[in-house]
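The structure displayed is predicted, hence computed values, not measured ones. Indexing begins at 1, ligand by ligand and atom by atom, following the structure's order.
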Amino acid sequence: MVERPDILLEFDAVDYSYPLSEMPAIQNLSLQLTAGQKTALIGQNGCGKSTLFLLADGLCRANRGVIKSRGLPLRHDRVALNQWRQRVGLVFQDPEQQLVAPTVAADVSYGLCNLELPEAEIAQRVEQVLHQFGLSELAMRPLHQLSLGQKKRVSLAGVMALRPELLLLDEPTAYLDPIQTRQFLAALTQIEAEGTTLLIATHDLDFVYRWADWLLVMDQGRLLLEGTPEQVFSRPDLLELGLGLPLLKQIWDSLPADLRQGQSPPRTLEQLRLAIRP
Ligand SMILES: Nc1ncnc2c1ncn2[C@@H]1O[C@H](COP(=O)(O)OP(=O)(O)O)[C@@H](O)[C@H]1O
Ligand SMILES: [Mg+2]
């Protein structure tokens with residue numbers, strides 16, 4: 001039975017400790033991700049963001065608690081996991097951890113082959129995602145010849161070939177230069193436009209402020225707080241975490257009160273310009 005068709009991912013009181021580790025990496029974590037909501041996950045290094053993603057994709061197994069998508073619990077047998085990963089896709093921070101096959105096309109088809117789809121369907125989907133992510137010309141290229149930005153796009157294409165409804169991205173722009181970052185974000189915009197819901201773990205608070213509808217803040221394996229970016233970045237306890245604040249928010253808060261009065265805080269430069277135009 002589907003209890004909450006709009007909840008694409010739910011954690012209910014999840015605990016997880018890595019083998020041989022004394023400190024739990026995730027503690028009593030409960031959260032819900034709603035379809036269509038752009039959610040960002042922030043928190044210091046080591047707070048448990050990547051572990052949350054590994055649990056959500058079934059790569060780690062919770063010691064306690066339940067993980068669900070659309071009301072259906074995650075199960076760890078091979079068939080159930082393959083089905084789960086068609087719904088919930090994960091792009092690792094480091095593409096080297098994700099890429100498995102010798103060439104671009106082979107890598108992008110890897111997940112599809114696991115699903116035992118007809119060959120013609122696999123070929124058609126591979127061609128489509130290679131085209132979508134600007135990789136068609138690199139199809140036969142060995143992965144080790146690619147730039148990091150290209151490798152990131154290959155790992156994204158491999159996950160999107162499965163057409164997940166929820167895409168988890170672990171620090172997607174880490175290690176990328178500004179041009180690669182722009183290309184990657186453009187690819188994400190396209191994915192969103194096609195109806196995939198995104199959860200992005202990132203340290204880029206300026207991006208979070210402009211992009212996210214909802215923010216999850218983790219600390220030491222727990223969910224510390226959640227809310228809209230405006231709510232979260234106005235919370236004094238966030239400052240204690242030392243994550244900093246988005247530049248736009250700092251600029252806005254430093255403007256004279258009468259200029260800001262009656263206006264909602266701008267989330268983009270363009271909105272700031274309009275807000276302060278005499
Ligand atoms: N493979 C592992 N074995 C043992 N402990 C780990 C492993 N990976 C991460 N941890 C620990 O789990 C905690 C959460 O780490 P992680 O999920 O990587 O945080 P984040 O992604 O927010 O930086 C940290 O204390 C980290 O040291
Ligand atoms: Mg991490």
Discussion item. Take a 6.0 Å sphere around CD of Glu194 and say whether it holds more than 12 heavy atoms from other residues, nucleotides or ligands.
Written reply: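 Buried by this count: over 12 neighbours within 6.0 Å.
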
Fill in: Heavy atom of the protein closest to atom 19 (O) of ligand 1 (residue, atom name, distance)
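Atom 19 (O) of ligand 1 sits closest to the protein heavy atom Gly48 N, 3.1 Å.
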
Item to complete: Mark up the atoms of ligand 1 that fall under 4.0 Å of a heavy atom belonging to Thr51, in ascending order.
Response: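 Contacts of ligand 1 toward Thr51, numbered from 1: 14 (C), 15 (O), 16 (P), 17 (O).
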
Worksheet item: For Gln93, is the nearest heavy atom under 4.0 Å from an atom of ligand 1?
Response: no

Worksheet item: Would you say Ser50 has an N, O or S atom lying under 2.8 Å from the Mg ion (ligand 2)?
Response: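 Yes.
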
Worksheet item: Using the ring of each side chain (for Trp, its six-membered ring), is Tyr18 parallel, tilted or perpendicular to Tyr16, with breaks at 30° and 60°?
Response: perpendicular

Item to complete: With heavy atoms of Asn45 as the reference, note each atom of ligand 1 found under 4.0 Å away.
Response: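 Checking each atom against Asn45, I get 23 (O).
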
Worksheet item: So which protein heavy atom does atom 18 (O) of ligand 1 come closest to, and at what separation?
Response: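 Protein heavy atom at minimum distance: Ser50 CB, 3.8 Å.
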
Worksheet item: For atom 26 (C) of ligand 1, is the nearest protein heavy atom under 4.0 Å away?
Response: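 Flag for atom 26 (C) of ligand 1 set to false, no protein heavy atom closer than 4.0 Å.
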
Worksheet item: When you look at CD of Gln32, are more than 12 heavy atoms from neighbouring residues, nucleotides or ligands closer to it than 6.0 Å?
Response: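 Atom CD in Gln32 is crowded, with more than 12 foreign heavy atoms closer than 6.0 Å.
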
Worksheet item: Which atoms of ligand 1 are found less than 4.0 Å from any heavy atom of Gln44?
Response: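 Answer for ligand 1: 22 (O).
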
Item to complete: Please check if a non-hydrogen protein atom sits closer than 4.0 Å to atom 5 (N) of ligand 1.
Response: yes

Discussion item. Do the side chains of Asp57 and Arg85 get close enough for a salt bridge, i.e. N-O under 4.0 angstrom?
Written reply: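 Here Asp57 pairs with Arg85 in a salt bridge, since their nearest N and O are under 4.0 Å apart.
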
Practice prompt. Consider every N or O of Ser21 and every N or O of ligand 1, then say whether any pair is closer than 3.5 Å.
Written response: no

Worksheet entry | Positive for side chain to side chain contact (heavy atoms under 4.5 Å, CB included) with Ile26, one of Arg64, Met218, Arg222 |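 Testing each of Arg64, Met218, Arg222 against Ile26, the sole residue satisfying side chain to side chain contact (heavy atoms under 4.5 Å, CB included) is Met218.
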
Item to complete: Enumerate the atoms of ligand 1 whose separation from the nearest heavy atom of Ala25 is less than 4.0 angstrom.
Response: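 Matching atoms, with element in brackets: 12 (O), 13 (C).
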
Item to complete: Please confirm whether Lys249 makes a cation-pi placement over Phe233, using NZ or CZ under 6.0 Å from the six-membered ring centre and within 45° of the ring normal.
Response: no

Practice prompt. Using a cut-off of 6.0 Å, state whether more than 12 heavy atoms not belonging to Glu119 lie near its atom CD.
Written response: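 Open: at most 12 neighbouring heavy atoms sit under 6.0 Å from CD of Glu119.
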
Worksheet item: Take atom CD in Glu127; do more than 12 heavy atoms of anything else shown fall under 6.0 Å from it?
Response: no

Fill in: Nearest neighbour in protein (non-hydrogen) for atom 10 (N) of ligand 1
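Scanning the protein heavy atoms, the shortest distance from atom 10 (N) of ligand 1 goes to Tyr18 CE1, 3.4 Å.
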
Discussion item. Which residue and atom name correspond to the protein heavy atom nearest atom 24 (C) of ligand 1, and how close is it?
Written reply: Gly46 O, 3.5 Å

Worksheet item: Is any side-chain heavy atom of Asp253 less than 4.5 Å from a side-chain heavy atom of Arg260?
Response: yes

